[in-house]
Protein chains: 2
Amino acid sequence: MNNLLFDFISKYISLTEEEKSAIISLDLFRSVKKGTILLEEGQRTKNSYFVLKGCIRTYYVIDSEEKTTAFYTEMEALTPPCVVSKTPSEYYVSCIEDSILLVSNSDMEAEVNSKFPKFDIMCRMLSEELLAKERIDFDEFKTSSPEQRYLNLLQKRPDLIQRVPQHQLASYLGIQPQSLSRLRARILEKKS
Amino acid sequence: MNNLLFDFISKYISLTEEEKSAIISLDLFRSVKKGTILLEEGQRTKNSYFVLKGCIRTYYVIDSEEKTTAFYTEMEALTPPCVVSKTPSEYYVSCIEDSILLVSNSDMEAEVNSKFPKFDIMCRMLSEELLAKERIDFDEFKTSSPEQRYLNLLQKRPDLIQRVPQHQLASYLGIQPQSLSRLRARILEKKS
DNA sequence: ACATCTCGTTCACTAAAGTTAAGAAAGACG
DNA sequence: CGTCTTTCTTAACTTTAGTGAACGAGATGT
């Protein structure tokens, strides 16, 4: 697990052995069972999550319906907006597979960053990269139909379609579960 | 103009007079005429933009149709994804009002940041904040209908509806211009 | 002043998504 | 093993968005 993390970090900065052991000594890894709710609406938190294995999702409850808006799988990081804005969370975060997560909190990050300014650089690079990715995803979403979005997902994250329940996928695609079923039937029809 | 910029920066870090004059000496301000294309599809650039006055938009050309995905107005910053990924741009950036922009390039930023590490911190805070904002916008988009998105925009950025052409607004809302017209008529009907 | 072009709106029609309801299939649990 | 629940699918119907075409208003250019 440590190696997975260090391989990831090495894409941005290089670490000395001393820095590596400083990270290990923080004891950040957590095993989390499927179904665990990591963050609830209205709750305040300083925690960020990095998925080493498994999958977590973010969802809102609107009119007592769950609306899933994002999935985070292996080597993906989530810092909930409420951590940045220091306000109560607008959404839930839950674990949809047995997972191994790295859980860090912003106070601790600030401390580490002041000791190792390198980390600030890495955080900056990471969030710039994530912002660019998020914008492109958003743009693709805006400029395509539900059917195109599904086909696009099939290309880019085929694993998600296997490991995630359909009704969660549906709201991730911005549609109703029934529409997703129909849309998939339509696609199969076209192929034949 | 300098004051607008320094007020903005002061939300993140505090600057000494020396640092301020270092920034001014970089001579970053540009007056840009309405209609100017700042970035074209396929082009490589290292430029980021900060809008002091006016409005710029990003758009794709898909099937020879313009698809507008974002607007940036006063005190908003745009670093195109292609600057981060160092690849040719996937979209166009154009100026839709006579504007005053701050144009910086990533080489210069790197130089300034190494001289004043404070700036790295600010960039990090800024991109974390923007990422959080982008995620929330995306989530709202996913979880609402075109009509709700329009009403939402009316609440949050009423100025945009005034200053931006309808057909650009339409694709910003992820729909066709005709649908936006119809949708607006529908809303007016409901009110009466 | 005239022709041209762009933009916004409207209309009729088609296609797709929302909604409500019902039933089948798969899982969870005692 | 059967029961209960959740998940997925299908269907009928309603609502809304996409599409193609047409029109008028306003801007642009010569």
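Every chain is numbered from 1 and lettered A, B, ... according to where its sequence line falls, protein lines coming before strand lines. Predicted, not measured: the structure shown is a model, and the values here were computed from it.
Spacing between atom CG of A:Leu183 and atom P of C:dA17 amounts to 6 Å, rounded to whole angstrom units. Remark: P of D:dG18 and CD of B:Glu65 are 12 Å apart, rounded to the nearest angstrom. As a whole-Å value, the separation of A:Ile175 CD1 from D:dC8 P is 13 Å. In this structure, CD of A:Gln162 is placed 16 Å from C1' of D:dT7, rounded to the nearest angstrom. The distance from atom CG of A:Leu173 to atom C1' of C:dG18 is 16 Å, rounded to the nearest whole Å. Going from atom OH of A:Tyr150 over to atom C1' of D:dC8 covers 13 Å, rounded to whole Å. Following rounding to the nearest Å, B:Gln176 (CD) and C:dC11 (C1') show an atom-to-atom distance of 16 Å. One atom, CD of A:Gln148, and another, P of C:dA15, lie 16 Å apart when rounded to the nearest Å.
When atom types are taken as modelled, the side chain of A:Arg44 and the backbone of A:Cys82 share no donor-acceptor pair closer than 3.5 angstrom. Counting only distance, with no hydrogens or angles, the side chain of B:Gln166 and the backbone of B:Pro177 share no donor-acceptor pair below 3.5 Å. Checked by atom type and distance alone, the side chain of B:Ser114 pairs as donor or acceptor with a backbone atom of B:Glu111 at under 3.5 Å.
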Hey, what are the protein-to-nucleotides 27-30 of chain D N/O distances that come in under 3.5 Å?
none

Report each atom pair, protein N/O against N/O of nucleotides 5-9 of chain C, whose distance is under 3.5 angstrom.
| residue | atom | partner | partner atom | Å |
| --- | --- | --- | --- | --- |
| C:dG8 | OP1 | B:Gln166 | N | 2.8 |
| C:dG8 | OP2 | B:Gln166 | N | 3.4 |
| C:dG8 | OP2 | B:His167 | N | 3.1 |
| C:dG8 | OP2 | B:His167 | ND1 | 2.7 |
| C:dT9 | OP2 | B:Ser181 | OG | 2.7 |
| C:dT9 | O5' | B:Ser181 | OG | 3.2 |

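Residues B:Gln168 and B:Phe71 are in side-chain contact: their nearest non-hydrogen atoms beyond the backbone lie under 4.5 Å apart.
Out of D:dT16, D:dT10, D:dG18, the shortest distance to the side chain of B:Arg186 is found at D:dT16.
Taking the centre of each ring, A:Phe50 and A:Phe8 come in below the 6.0 Å mark. Separation of the A:Tyr60 and A:Tyr92 ring centroids does not fall under the 6.0 Å cut-off.
Looking at residues 90-100 of chain A, you'll see that no heavy atom sits under 4.0 Å from any atom of DNA chain C.
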**Study point:** Audit row: B:Thr73, B:Arg157, side-chain contact (heavy atoms from CB on, under 4.5 Å) steps and yes/no
**Key:** CA-CA 10 Å; B:Thr73 56; B:Arg157 301 185 69 180; 3.3 Å; yes

Check your understanding: Are B:Lys34 and B:Asp98 close enough, and set up right, to give a salt bridge (Lys or Arg N to Asp or Glu O under 4.0 Å), and what steps lead you there?
Key -> CA-CA 4 Å; B:Lys34 172 176 174 173; B:Asp98 289 348; over 6 Å; no

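Geometrically, A:Arg57 engages A:Tyr59 in a cation-pi contact, judged by NZ or CZ lying under 6.0 Å from the ring centre and within 45° of the ring axis. A cation-pi contact, defined as under 6.0 Å to the ring centre and within 45° of the axis, links A:Arg149 to A:Phe141.
Ion pairing of B:Glu128 with B:Lys133 is absent here, as no side-chain N (NZ or NE/NH1/NH2) approaches a carboxylate O to less than 4.0 Å.
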